[in-house]
Every structure is written in C-alpha cells, then in structure tokens.
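Taking it in order: structure first as structure tokens, then the write-up.
Just so it is clear: chains get the letters A, B, ... in the order the sequence lines come, proteins before strands, and each one is counted from 1.
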Amino acid sequence: MPTITVTRDVLYEKLGRSYTNEEFEDECFDFGIELDDVVEENSVTKFKIDIPANRYDLLCVEGLARSLNVFRQRCGVPKFIVKEATERIVIDESVSCVRPYCVAAILRNIKFTEEVYNSFILLQDKLHQNIGRERSLVSIGTHDLDTIQGPFKYQALPPQDIRFHPLNQSSVMSAPEMFELFRQTYLKPYLQILDGCPVYPLITDANGVVLSLPPIINGEHSKITLNTQNVLIEVTAKDREKCKIVLDTICTMFSEHCADKYTCEAVEIVAMSTGNKSTTPKMAYRTENCSAKQMCMKSGITDLSPGNVADLLTRMHLPSKADGDMVSVEVGPTRHDILHQCDIEEDIAIAYGFNNIPKQIPNLYTIGTEQEVNKLTDSVREEVARAGFTEVLTFSLCSRDDISNSLRIPKAIDKAVLIANPKTFEFQVVRTLLLPGILKTVSCNRKMPLPLKIFEIGDVVLKNEDEETGCKNYRQVCALYCGKTSGFEVVHGLLDRLMMALNEENYSIQQSSDPMFFSGRGADVIHGNKKIGHMGILHPEVLENFDIVLPCSILEIDLGPLV
Amino acid sequence: MGYNYDWKAVVSTQSTGMGYNYDWKIEEAQKNILRTHTTAVSAKMLYQLGQQKEFTPTKLFSIDRVFRNETLDATHLAEFHQIEGVVADRNLTLGHLIGVLSAFFKKLGLEKLKFKPAYNPYTEPSMEIFSYHPGLKKWVEIGNSGMFRPEMLLPMGIPSDVNVIAWGLSLERPTMIKYGINNIRELIGPKVNLNMVQENPICRLDKV
C-alpha cells in the first residue's frame with residue numbers, strides 16, 4: 001500500500017478547515033485511507049497517509065484534497081479539457097525492442113511555488129514506484145518547454161553514440177560514462193533495467209538537445225525550476241495501458257495550477273514506421289448505465305432511492321444522474337480504478353458508510369467436516385503428547401545442507417524443491433524432512449531438563465512428476481528423544497504405541513544402512529510393503545553438524561498411508 | 001487448461017466490461033511460487049465448486065502456512081500462517097459479510113469492530129476490519145475481507161447470482177497481541193523457548 005507525505009497545513013487549507021488528529025483519522029477511515037503517522041520535519045507537521053494501491057488520483061495533496069472536498073460536498077467534480085496539439089513527438093522504430101510506448105502532454109501557464117514543485121516531484125516518485133514498478137514499466141520525464149524546441153523525437157541509439165548533460169551534473173558525457181558515474185548511487189536499480197540492451201531510449205528536441213534518458217534521468221538543459229511556466233510531460237513505457245494512466249494522472253492532478261484551470265494541451269504522437277498519428281493525453285470519459293436497485297442489492301442497502309444513489313456516487317467523484325431506476329454514472333480520467341460495475345457498487349457502499357450497513361447472518365444450512373488428514377493429525381498429536389513429548393512448530397524453509405550434507409545424505413537434495421530467489425541461505429529449499437527443524441530446536445534449548453522429548457507434525461514437500469506443480473506435500477510426524485542415553489527404546493515404543501492407537505498391525509521395522517544413523521542402529525519403518533519412514537540413533541556427525549552434544553534417537557514417518 | 005484460457009480472455013480484452021487491458025501470458029501463470037496467501041487455494045476450491053453440475057451453497061475455511069519474500073524483522077518472517085473463511089451462496093450481500101465477521105470475531109473475544117474500505121485486486125468491495133484494543137488504547141487492524149469480483153467467479157462456472165464473501169487474518173499477529181510477545185521468533189521456529197510451550201496455560205478465548 002503506497003504511503004504519501006503531505007504537509008498538514010497545506011492540506012487543511014485546501015480542505016477549508018482544520019481538524020484534530022483524531023477527527024482527521026476518522027474522516028480518513030470512512031473514506032478508505034489511513035492516517036499512518038504524524039511527523040515533524042524541520043518544524044513542519046506532515047501526515048503520512050496510506051492510500052489504496054489502485055487510487056492513482058489520491059497520490060498527491062492536490063488529488064487527495066480534491067477528492068475529500070467532493071466527498072464532503074464542498075465543491076463539484078471538475079471537468080477536464082484537452083486543447084488541440086501544437087507540438088509533436090515522433091516515435092522511431094528503434095524503441096520497439098526496448099521501451100515501445102510514449103505519450104505526452106503540455107501544461108500551459110502553470111504557477112510553481114515551492115510546495116507545488118515538491119508535490120509535483122513526489123507524485124512522479126509515487127507513480128514510478130507503484131504503477132511504474134520502480135520505473136521498469138513506466139517512467140516520467142518533465143521539462144521546461146520554453147528551453148527546448150519541437151518537434152521532438154523518441155528513439156533508441158547505441159550507448160556510445162549518446163551524449164547527454166544529466167540533471168545536476170556539471171558537464172555533457174557519453175551514456176557509458178553516465179552509467180559508470182551512477183552505478184554507485186540511488187539510480188543503480190534503474191540502470192539495471194537497461195542491462196543487456198543494445199540500444200538505449202532517449203528523447204531529443206529539434207536541435208539535438210537530449211531531454212531525457214528514460215528510465216534513468218532527465219537532462220539538465222530542460223530542467224524545471226520555480227520560474228517554469230510551460231511544462232512538457234513525456235511518459236515512456238513497456239505497458240501501453242499503464243502509460244496512459246500515468247499521463248492522465250499527472251495532467252488531472254496538476255492542471256489545477258494552470259492559469260486555465262483543469263486544462264491541458266495535447267501532444268501529437270507520430271509513429272514513424274506506420275505513419276499512424278494520435279494525440280495524448282486521452283483523458284477519456286465514459287458513461288456506465290446501471291440499475292440502482294441491482295447495485296444496492298450486493299451491499300445489502302435497501303433504503304436508497306435512485307436519486308440518493310446518484311448523489312452518493314457524485315460525492316465519490318463519479319458524477320451521476322438518476323432516471324427512473326437507471327443511474328448514468330460518468331467515469332472520468334481520475335478514476336482508472338473503476339473497471340466494472342462492482343467498482344461502482346463499492347463506491348456507493350463507501351459513501352453510504354460501511355458501518356451503517358445493517359448486519360445479517362447468511363440464511364444457509366451446511367454440514368461441516370474436516371479433511372481426513374487433518375483429523376488424523378489432530379489425533380496423532382494427542383497420542384504423541386500423551387506419551388510425554390512436547391510439540392514444536394518450525395520453519396518449512398531451510399538451507400540445502402540442513403536436508404542433505406548435515407544429515408550425511410547428500411543425494412537427498414535431488415528430491416527437494418529449491419527456492420529460485422532466497423533472501424538468506426536459511427531459506428534456500430523447502431524441507432523434505434521435519435528432522436532439521438527438530439534438531440535446531442534441541443540446539444537452541446540446551447537449558448531444558450533431560451531427557452528432552454519433542455515432536456512436530458507438519459508438511460514436507462518432495463518432487464513428484466504426477467502433480468501439476470511438479471511436487472507434493474506429505475504430512476509427517478517426527479519425534480526425538482535426547483538424554484544421557486540414546487533412548488532408542490523410547491522412540492521405538494512411541495512407534496508401537498502410535499500403530500496400536502491407529503489400529504495398524506501391518507507394519508514392521510527393517511535394519512537399514514541409512515548414513516544418518518549410527519551404524520547398525522538405524523531402521524526403515526515398513527507399512528504394507530512400503531517404507532513410510534525411519535527410526536534410529538543419530539550418527540555423531542549429524543549431532544555435531546547441528547551443535548548437539550548429547551545422544552539422540554528419532555522417529556519420522558509419513559502419515560499419508562495411515563489416513 | 002480450459003479454465004486458464006477463459007481467464008486470458010477476461011484479462012486481455014474487453015469481454016467483461018472495461019477489461020484489464022493486460023497482455024496475459026500462460027508461461028507466467030504456470031510458474032511455481034510458494035503461495036503468498038491461502039486465497040490461492042480458496043480459488044481452486046471455488047473452481048471445483050463451479051464445476052459441479054448443480055451449485056450448492058458452501059462454507060469453507062483453512063488455517064495454513066503462507067510465504068512472503070519480505071525483509072525480516074522482529075514481527076516479520078518469510079513464512080507465517082493465515083486463517084481464511086469463505087461463504088458462497090445466492091444473493092449474499094456486504095451486510096452478510098459484516099454479520100459473519102461480527103459473529104466470527106465475537107468468538108475470539110473481539111466485539112467492538114469498525115469496517116474500513118480497502119483494496120484487493122480480487123475483491124470488490126473490500127473491507128479491513130478494525131477492533132478496539134483497550135490495552136493499547138487504539139483501533140488495531142485484525143483482518144481483511146471482501147466479495148470476490150464477478151470476473152473471477154464467472155469463468156469458474158459459478159452462477160451469476162451467487163456471491164462469494166471471504167475474510168482472512170494472520171494467526172501470529174493476534175497471538176502476539178494476546179500474549180504480549182514482541183518477537184515473532186519467540187512464537188514459531190527453533191528458537192522458541194520450550195519452557196514457554198510447557199508452562200503456557202490452555203488458550204481459553206471465551207474466558208476474559
């Protein structure tokens with residue numbers, strides 16, 4: 001969930017009133033946002049507000065205040081106007097393999113104060129982080145239009161052919177030089193987006209000035225200052241839909257600072273390879289016609305007239321009119337989160353107030369039951385506990401060694417599911433045995449009185465070609481005895497006790513040469529001709545690998561065949 | 001396979017209204033991941049329900065492990081447990097979801113509840129549930145819930161007048177709040193103090 005930082009007093013000024021922190025928290029709560037934190041930065045009070053991930057129109061103070069004002073009926077929903085294009089961007093075929101889409105818009109006669117400028121930068125940051133997926137899908141460039149000259153060109157060139165004066169640097173440099181310079185800075189993750197690309201995308205003006213190198217950085221030449229009056233916004237992307245949403249969002253949010261409020265100017269986009277011409281931003285409006293009765297049904301709201309429904313939707317920034325039972329809802333460029341009727345239904349419920357909806361219990365009769373394996377697990381858990389073993393709950397992810405080398409069974413790793421992107425070496429594989437977790441628990445609990453008797457029942461995962469995922473879960477129980485003597489007779493006794501409790505006679509043990517166990521002190525547990533587990537005194541090397549100093553005996557069996 | 005192809009149509013084009021306008025690829029969908037929420041399994045169960053010849057109202061629950069590749073700290077691990085409940089019936093409403101949640105959390109000893117609009121990609125409407133914690137003297141989030149989106153259910157074969165409500169919460173967080181535990185590793189994993197396991201009283205939620 002994205003969090004935005006807004007200056008409290010700026011927000012209250014836009015809202016036309018001030019609140020106590022508690023009052024504002026309540027206002028946020030009913031609207032669906034959350035006041036997460038109140039901080040002081042340079043003796044200015046700032047709010048950190050959590051915004052739902054699909055509400056791009058609330059990612060800056062402009063949008064947030066506007067939506068809250070419409071919600072509180074302090075103002076109407078603005079209508080956005082797109083003026084005819086005077087500039088154009090030509091898209092060269094060379095970008096299609098690296099970053100194919102580009103859209104643009106112009107904000108004319110905009111007034112930047114320091115507050116507005118900061119908000120402008122923060123909105124771009126948030127859009128980059130969220131819908132832009134850290135700039136990998138979408139990135140934004142903003143430029144002082146009066147410092148550059150159209151028509152503009154969006155193309156991709158080999159890195160060594162690009163010479164560019166990056167923002168806040170003192171000189172022009174080649175693209176490879178720039179990459180070297182930025183490799184140790186906060187821009188490093190963005191450089192990685194272009195790793196391995198034979199050409200880098202860039203935007204230039206009619207005089208060959210490089211405006212920006214998406215997704216890395218803008219140019220020093222066209223940078224925006226507090227004196228900037230006309231802004232060119234260019235958005236480049238790998239995803240066409242997200243590209244449009246980002247441009248719409250910036251225009252709808254910041255056109256309120258233009259002399260012609262809520263107006264922006266289009267830019268013509270020409271695809272060089274096809275000659276196709278279009279203009280952006282789209283700023284599309286559409287009307288959804290829905291039955292008021294049907295929409296309210298899903299929320300369990302019964303006391304609203306279609307006129308009421310239209311009023312509530314208008315308060316949610318969706319201007320609506322009722323005609324009989326039908327409500328025509330206008331969905332504009334600030335509400336890209338409205339996909340289908342259920343999104344509109346939710347907004348009615350929000351405006352009505354979730355906490356005002358009457359509670360009901362579903363009028364349905366069903367007969368409940370547990371899964372067999374879980375029923376058995378609960379019974380086995382009781383039996384093992386009654387035998388004096390303490391239950392533990394350990395991690396199902398572990399290191400490669402935990403299930404192979406440390407247990408003296410190096411080949412066991414072949415049956416394991418490996419994690420492709422582990423954050424630490426403790427979580428490299430999914431466990432194929434419960435034993436490693438049990439042994440780690442013994443090692444961490446040295447002060448416990450002896451003998452120590454512990455067990456765990458849980459899932460392990462083994463590769464299995466017959467399954468859609470290529471692997472399967474197996475429910476196993478593992479019990480351990482650790483004391484001054486090895487306690488082999490205790491774990492053997494537990495096995496016998498469990499089998500008696502489960503009314504299983506068809507089992508036996510067969511001596512094995514499993515390297516995990518002391519030579520001659522390891523056995524396979526056989527049930528109906530199949531090995532379902534093993535039992536024995538652990539080999540001293542295994543104990544050493546897990547930092548255990550006393551002898552241990554263990555039993556581990558698969559409960560699946562016993563279900 | 002048929003299920004996957006229906007979903008591609010739903011997501012890529014405008015077959016059900018606006019659509020998602022996204023280039024869905026089956027290779028991406030087939031990649032194995034450790035589930036990040038048990039809703040993934042609930043979806044499988046709803047698909048089986050949808051494949052039934054005749055729809056029968058159903059209530060499901062699960063309590064099981066989930067995995068998230070997040071930064072580890074005192075309250076976050078790579079794996080934890082989620083509790084999930086699902087009710088599917090004709091003409092269920094948000095009012096029913098609020099009713100079920102009120103009854104469910106009452107059983108856990110939480111009666112003072114507030115519901116906040118939220119967002120999940122697969123539910124609309126979505127609600128976060130907050131409860132007033134008298135010790136901490138503030139409202140604390142105790143769960144997430146919603147009604148599954150029609151475009152998720154219809155391709156499964158679930159009739160259009162059936163609504164499915166669902167809710168979920170983590171197991172570890174409420175336990176840590178109840179027992180005043182600050183580090184999640186004291187609750188799950190090999191570092192848990194076995195003395196605590198042996199000496200902790202029986203959990204009696206209805207006894208204040």
What part of [X] is in contact with chain A, defined as an atom under 4.5 angstrom from a non-hydrogen atom: side chain, backbone, both or neither?
X: B:S126; result: both
X: B:L101; result: neither
X: B:A103; result: side chain
X: B:N32; result: side chain
X: B:E70; result: backbone
X: B:I33; result: neither
X: B:L60; result: neither
X: B:F80; result: neither
X: B:F67; result: side chain
X: B:N193; result: both

Can you tell me which portion of [X] sits under 4.5 Å from chain B's heavy atoms? Options are side chain, backbone, both or neither.
X: A:N421; value: both
X: A:T469; value: both
X: A:V331; value: neither
X: A:E391; value: backbone
X: A:P358; value: backbone
X: A:L439; value: neither
X: A:F31; value: backbone
X: A:N54; value: both
X: A:S396; value: both
X: A:I438; value: neither
X: A:F427; value: side chain

How long is the span from the [atom1] atom in [X] to the [atom2] atom in [Y], to the nearest 0.5 Å?
X: B:E124; Y: A:Q341; atom1: CD; atom2: CD; answer: 12.0 Å
X: B:I98; Y: A:N356; atom1: CD1; atom2: CG; answer: 9.0 Å
X: B:D161; Y: A:M297; atom1: CG; atom2: CE; answer: 8.5 Å
X: B:K191; Y: A:S443; atom1: NZ; atom2: OG; answer: 10.0 Å
X: B:K59; Y: A:I367; atom1: NZ; atom2: CD1; answer: 11.0 Å
X: A:E468; Y: B:K44; atom1: CD; atom2: NZ; answer: 5.5 Å

Do side-chain atoms of A:N445 reach the backbone of B:V192 as a donor and acceptor pair under 3.5 angstrom?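 Pair found, side chain donor or acceptor close to backbone of B:V192.
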Heavy-atom check, side chain of [X] versus side chain of [Y], under 4.5 Å:
X: B:P150; Y: A:H340; result: no
X: A:P362; Y: B:D89; result: no
X: A:F395; Y: B:L77; result: yes
X: A:L393; Y: B:H81; result: yes
X: B:E79; Y: A:L397; result: yes
X: A:L452; Y: B:L194; result: yes

Nearest heavy-atom neighbours spanning A:A349 and B:L94: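 That would be CB-CD2, 4.0 Å.
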Smallest separation among heavy atoms of B:P57 and A:L364, with atom names: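 B:P57 and A:L364 have their closest heavy atoms at CB-CD1, 3.7 Å.
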Looking at B:V87, B:I165, B:N69, which one has more heavy-atom pairs under 4.5 Å with chain A than the rest?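 That would be B:N69.
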Of all of B:M147, B:M127, B:K114, which one pairs up most often with chain A through heavy atoms under 4.5 Å apart?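 Of the candidates given, the most pairs with chain A belong to B:K114.
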CA sep, side-chain torsions, deciding dist, call: B:N195, A:M448, side chain to side chain contact (heavy atoms under 4.5 Å, CB included): CA-CA 7 Å; B:N195 270 322; A:M448 291 300 289; 3.7 Å; yes
Decide yes or no on side chain to side chain contact (heavy atoms under 4.5 Å, CB included) for A:K423 and B:L72, but give the supporting numbers first. CA-CA 9 Å; A:K423 269 216 161 107; B:L72 309 179; 5.9 Å; no
